[in-house]
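Report on one structure; see the data block that follows.
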Amino acid sequence: MQILSWVSKFLLLSFFLDVVSPLSLAQTISPLQTSVCSEADRDLSLDHNQLAGRIPNQIAGLKSLTRLSLSSNGLTGQIPASISSLQNLWYLNLSRNGFSDPLPVIQGRGLPSLLSVDLSNNHLSLGTVPGWIKDRELSDVHLAGCKLQGNLPKFTRPDSLSSLDLSDNLLTGGIAGFFTNMTNLQKLKLSNNQLKFDLSEIKLPDGISSIELQSNQLSGLLSRILNNRTSSFLEVLDVSGNQISGTIPEFGEGLSLKALIIGSNKITGSVPWFNLKPERTGEDRYFKEPHNRHHSNHLGALVESSMARPFYQQPHRENPS
Ligand SMILES: *[C@@H]1O[C@H](CO)[C@@H](O)[C@H](O)[C@H]1NC(C)=O
Ligand SMILES: *[C@@H]1O[C@H](CO)[C@@H](O)[C@H](O)[C@H]1NC(C)=O
Ligand SMILES: *[C@@H]1O[C@H](CO)[C@@H](O)[C@H](O)[C@H]1NC(C)=O
């Protein structure tokens with residue numbers, strides 16, 4: 001189905017739902033530009049549909065659009081440069097479609113309200129993070145599977161970032177200084193890259209709650225990132241598929257960790273949380289390590305700890321490497 005008719009249908013649906021039959025008015029976008037879009041809040045969310053075709057240039061006519069979320073559809077072609085005239089758009093989510101290069105060049109005054117951008121998993125080969133994303137004050141930057149390569153980007157406003165997803169790219173380095181001034185970072189995903197560094201080279205920002213570093217070439221001791229400092233805020237830590245060594249540290253009170261995923265590393269010892277009393281019940285949150293690869297740990301691939309009891313422990317066996 002053409003997106004244009006969906007756009008008009010949706011807007012009519014959301015704003016005239018109880019007065020007009022949407023189908024009879026789904027023909028053209030022009031009435032939207034005049035009447036409908038004088039309303040204050042505009043949220044166009046059509047994720048997980050079967051929209052095909054391109055985003056029409058007329059999208060620029062939806063002047064008061066604040067959220068454009070078209071994730072997980074079959075949209076193709078280039079993202080039109082005309083989106084840059086959407087003055088009120090703060091949320092742009094075009095992930096999981098078939099959009100192709102090049103991205104529009106968004107000039108300095110384009111998309112002035114943007115806070116959140118997700119272009120993950122399209123057919124984009126960005127190479128590097130475009131300036132209009134890297135050099136502005138954004139809270140969410142999701143560019144997974146965009147063929148980013150080389151060093152991790154240096155954001156001009158690292159303090160504004162709250163959620164950063166650069167997984168499934170070809171990033172190789174640049175960890176030194178990467179976390180500098182990322183004072184508000186909550187969630188970080190760098191899984192499935194080619195990052196090679198020792199955990200002692202990083203100091204995680206205070207307050208970060210979720211870190212996924214799966215399938216890179218990380219080495220060093222687990223206690224460098226999981227320790228008494230980070231344990232009070234870290235809830236999810238996935239470092240599986242690396243070459244991390246050491247043991248799972250012991251903790252006193254105040255452990256926030258809900259999921260620790262450490263499968264396929266070189267971690268040794270035992271799971272130290274057996275003898276803690278479960279304080280809360282009924283909120284099991286855990287991840288199961290689906291399979292064991294050759295370079296597996298000596299101990300459990302997975303520990304669920306908010307219940308202060310391990311969810312699963314593999315039988316002890318020798319590391320084949
Ligand atoms: C984009 O939409 C998808 C699907 O709804 C969602 O999983 C993802 O978290 C969204 N991205 C952001 C940055 O909100
Ligand atoms: C970090 O923030 C401080 C204070 O705002 C600033 O002086 C410094 O240049 C920033 N460093 C980086 C690498 O962004
Ligand atoms: C954390 O603190 C507890 C209690 O003070 C202590 O027993 C434990 O050894 C510490 N763990 C680490 C990894 O420093």
Side-chain angles (χ1 to χ4, degrees), residues 43-45 47-48 66-72 79 83 88-97 99 103 106 111-122 124 126 128-148 151-171 174-175 177-193 195 202-216 218 225-226 230-240 256-261 285 287:
D43 176 359
L44 181 52
S45 297
D47 300 331
H48 303 287
T66 56
R67 284 176 46 103
L68 180 59
S69 194
L70 301 171
S71 174
S72 304
I79 298 164
I83 60 162
N88 299 300
L89 195 76
W90 68 267
Y91 183 89
L92 178 64
N93 190 340
L94 303 178
S95 61
R96 300 189 177 277
N97 280 284
F99 292 114
L103 277 189
I106 310 267
L111 292 174
S113 307
L114 196 65
L115 287 176
S116 174
V117 61
D118 191 343
L119 304 177
S120 301
N121 301 310
N122 280 286
L124 297 169
L126 299 184
T128 56
V129 176
W132 64 272
I133 294 179
K134 192 168 56 72
D135 297 332
R136 55 161 87 205
E137 211 174 326
L138 297 176
S139 104
D140 307 335
V141 173
H142 291 201
L143 296 173
C146 286
K147 298 210 168 60
L148 298 172
N151 281 346
L152 290 160
K154 288 212 188 314
F155 291 91
T156 308
R157 294 299 309 267
D159 53 326
S160 66
L161 286 169
S162 146
S163 172
L164 180 60
D165 183 356
L166 302 176
S167 47
D168 304 316
N169 281 296
L170 307 161
L171 297 163
I175 200 71
F178 178 67
F179 290 109
T180 307
N181 288 354
M182 284 200 185
T183 44
N184 292 303
L185 196 65
Q186 291 291 306
K187 291 189 174 176
L188 175 67
K189 294 189 187 183
L190 295 174
S191 297
N192 296 307
N193 277 285
L195 294 166
I202 59 176
K203 180 176 183 291
L204 295 179
D206 284 342
I208 192 167
S209 64
S210 173
I211 305 174
E212 297 179 26
L213 298 170
Q214 187 207 329
S215 299
N216 281 286
L218 312 186
I225 49 173
L226 183 61
T230 62
S231 67
S232 58
F233 44 77
L234 213 49
E235 296 182 3
V236 175
L237 179 61
D238 182 351
V239 291
S240 56
S256 344
L257 208 59
K258 294 186 168 55
L260 173 61
I261 307 172
R285 279 216 261 160
F287 297 117

#### Entry: Nearest-0.5 Å distance, CG of residue L111 to CG of residue L89
6.0 Å
### Query
Looking only at heavy atoms, which two atoms of L115 and E137 are closest? And how far apart?
CD2-O, 3.9 Å
### Query
Any side-chain donor paired with an acceptor under 3.5 Å for S191 and S215?
no
### Query
Side chains of F178 and L164: does their closest heavy-atom pair fall under 4.5 Å?
yes
### Message
Apply side chain to side chain contact (heavy atoms under 4.5 Å, CB included) to residues L152 and L190 and explain how you reach the verdict.
### Response
CA-CA 10 Å; L152 290 160; L190 295 174; 3.8 Å; yes
### Task
Start with the C-alpha gap between L119 and F99, add the side-chain angles, then the distance that decides, and say whether side chain to side chain contact (heavy atoms under 4.5 Å, CB included) holds.
CA-CA 9 Å; L119 304 177; F99 292 114; over 6 Å; no
### Task
Evaluate side chain to side chain contact (heavy atoms under 4.5 Å, CB included) for F233 paired with I208, printing each intermediate quantity in order.
CA-CA 6 Å; F233 44 77; I208 192 167; 4.0 Å; yes
### Gap separating the CG atom of D140 from the CG atom of D165, nearest 0.5 angstrom
10.5 Å
### Query
Could you walk me through whether N122 and C146 pass the side chain to side chain contact (heavy atoms under 4.5 Å, CB included) check?
CA-CA 7 Å; N122 280 286; C146 286; over 6 Å; no
### Task
Give, for atom CG of L195 and atom CG of L166, the distance between the pair rounded to the nearest 0.5 Å.
9.0 Å
### Task
For residues N97 and S72, report the shortest heavy-atom separation together with the two atoms involved.
ND2-N, 3.9 Å
### Summary
Between the CD1 atom in I261 and the CG atom in L213, the distance rounded to the nearest 0.5 Å is 11.5 Å
### Query
If you round to the nearest 0.5 Å, how far is CD of E212 from OG of S167?
7.5 Å
### Message
Other residues, nucleotides and ligands only: do more than 12 of their heavy atoms fall within 6.0 Å of CZ on R136?
### Response
yes
### Query
Less than 4.5 Å apart, any side-chain heavy atom of L237 and any of T230?
no
### Query
Would you say the side-chain atoms of S71 and D47 include a donor-acceptor pair closer than 3.5 Å?
no
### side-chain hydrogen bond (donor to acceptor under 3.5 Å, both in side chains) evaluation trace for D168 with N192
CA-CA 5 Å; D168 304 316; N192 296 307; 3.0 Å; yes
#### Entry: Check: N169 side chain, L171 main-chain N or O, donor-acceptor pair, under 3.5 Å
no
### Message
Ignoring hydrogens, what is the shortest heavy-atom contact between I211 and L234? Give both atom names and the distance.
### Response
CD1-CD1, 3.6 Å
### Task
For N184 and Q186, indicate whether the former's side chain and the latter's backbone hold a donor-acceptor pair under 3.5 Å.
no
### Query
Between S113 and N88, does any side-chain donor sit less than 3.5 Å from a side-chain acceptor?
no
### Task
Can you see which heavy atom on S256 is nearest to which on S232, and at what distance?
OG-O, 2.5 Å
### Query
Is there side-chain contact between L126 and L103, with heavy atoms separated by less than 4.5 Å?
yes
### Task
Can you see which heavy atom on L170 is nearest to which on N193, and at what distance?
N-OD1, 3.3 Å
### Task
Find the distance between CG (L218) and CD1 (I202) and round it off to the nearest 0.5 Å.
7.5 Å
### Task
State whether the number of non-hydrogen atoms from other residues, nucleotides or ligands found under 6.0 Å of K134 atom NZ is greater than 12.
yes
### Message
Between D159 and N181, do the side chains contain a donor N or O and an acceptor N or O under 3.5 Å apart?
### Response
no
### Task
Please examine the side chains of L114 and L138, heavy atoms only from C-beta on, and report whether any two atoms are closer than 4.5 Å.
yes
### Task
Taking all heavy atoms of G174 and all of N151, pick out the closest pair and write down the distance.
N-OD1, 3.3 Å
